[in-house]
*Asks:* 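The structure follows.
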Amino acid sequence: MKHSQKSPEEMLPLTPAVFHILLALADKERHGYSIMQEVATRTDGQMRMGPGTLYGSIKRMLADGLIVESGERPDPDMDDERRRYYRLTDMGRRAAQAEAYRLEQLVRVAHIKQLLPNPGIAGGIL
């Protein structure tokens with residue numbers, strides 16, 4: 001499979017689905033359904049990813065070299081052998097970090113423009 005030669009910064013902005021998938025894989029390998037559950041749980045159900053969005057994004061992410069299919073599998077007695085597990089590549093981790101930094105900069109501007117409460121003030125978010 002041909003991998004993109006882009007730098008992580010050239011991939012920005014990431015789509016919300018891609019960023020959420022990268023976040024879900026940041027701490028451990030997961031299979032597709034586990035990624036969907038992680039995203040729904042982490043966002044309190046505000047972001048629900050259907051199979052079409054998930055697997056379409058995964059296909060593009062594999063082609064871009066952001067993730068790879070993992071060769072390791074859990075105990076076969078504890079898992080369905082049809083599941084495919086995915087993990088971040090170094091490029092995927094760097095792209096997620098670049099996107100997180102980009103979003104952090106936007107949140108700083110929102111604070112400066114007084115669209116969000118100052119985090120130093122009681123009751124402020126963040």
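Values in this document were obtained by computation on a predicted structure and should not be read as measured data.
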*Asks:* With heavy-atom distances below 4.5 Å as the criterion, would you say the side chains of L12 and L14 are in contact?
*Replies:*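 Yes, close enough: below the 4.5 Å cut-off.
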*Asks:* Would you call L66 and R93 a side-chain contact if the rule is heavy atoms closer than 4.5 Å?
*Replies:* no
*Asks:* Roughly how far apart are E69 CD and Y85 OH, rounded to 0.5 Å?
*Replies:*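 One gets 11.5 Å once the value is rounded to the nearest 0.5 Å.
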*Asks:* How long is the straight-line distance from CE of M47 back to CZ of F19, given to the nearest 0.5 Å?
*Replies:*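 It is 11.0 Å, given to the nearest 0.5 Å.
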*Asks:* In terms of side-chain heavy atoms, does Q97 have a donor or acceptor partner in Y101 at a distance below 3.5 Å?
*Replies:* no
*Asks:* Determine the minimum heavy-atom distance between M11 and A95, stating which atoms define it.
*Replies:*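 Residues M11 and A95, closest heavy atoms: SD-CB, 4.4 Å.
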*Asks:* What pair of heavy atoms forms the shortest contact from A98 to E9, and how long is it?
*Replies:*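 So the two residues come closest at CB-OE2, 4.3 Å.
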*Asks:* L54 and Y33: side chain to side chain contact (heavy atoms under 4.5 Å, CB included), yes or no, with the steps?
*Replies:* CA-CA 9 Å; L54 175 72; Y33 185 67; over 6 Å; no
*Asks:* Could you measure the distance from the CZ atom of R87 to the CG atom of D27? Nearest 0.5 Å is fine.
*Replies:*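 It is 14.5 Å, given to the nearest 0.5 Å.
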*Asks:* Would one find more than 12 heavy atoms of other residues, nucleotides or ligands at under 6.0 Å from atom CD of E10?
*Replies:* yes
*Asks:* Has S57 got a side-chain atom pairing as donor or acceptor with A17's backbone, closer than 3.5 angstrom?
*Replies:* no
*Asks:* For E29 and S70, work out which heavy atoms get closest and say how close.
*Replies:*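 Nearest heavy atoms, E29 then S70: OE1-OG, 2.7 Å.
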*Asks:* In the structure I gave you, are the side-chain heavy atoms of T43 and H20 within less than 4.5 Å of one another anywhere?
*Replies:*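 Yes, their side chains come closer than 4.5 Å.
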*Asks:* Short question: side chain of E99, backbone of A96 - any donor-acceptor pair under 3.5 Å?
*Replies:* no
*Asks:* Kindly indicate whether the side chain of Y86, heavy atoms from C-beta on, has any atom under 4.5 Å from the side chain of I21.
*Replies:* no
*Asks:* Roughly how far, to the nearest 0.5 Å, is the CG atom of L62 from the CD1 atom of I58?
*Replies:*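 Atom-to-atom, I58:CD1 and L62:CG are 7.0 Å apart.
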*Asks:* Check for me, please, whether L22 and L106 land in the same ILVMFWY cluster - side-chain distances under 4.5 Å, paths through other members count.
*Replies:*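 In one cluster: yes.
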*Asks:* Measure the spacing between CE of M61 and OH of Y55 and express it to the nearest 0.5 Å.
*Replies:* 13.0 Å
*Asks:* Do you know which two heavy atoms are closest between M49 and M36, and how far apart they sit?
*Replies:*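 So the two residues come closest at O-SD, 3.0 Å.
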*Asks:* For A40 and R48, which heavy atoms make the closest approach, and how far apart are they?
*Replies:*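 Closest heavy-atom pair between A40 and R48: CB-NH1, 3.8 Å.
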*Asks:* Does R94 come within less than 4.0 Å of D90, counting only side-chain N to carboxylate O?
*Replies:* yes
*Asks:* Taking all non-hydrogen atoms of both residues, which atom of R30 and which atom of A24 are closest, and how far apart?
*Replies:* NE-O, 2.7 Å
*Asks:* When rounded to the nearest 0.5 angstrom, what distance separates CD1 in I67 from NZ in K59?
*Replies:* 13.0 Å
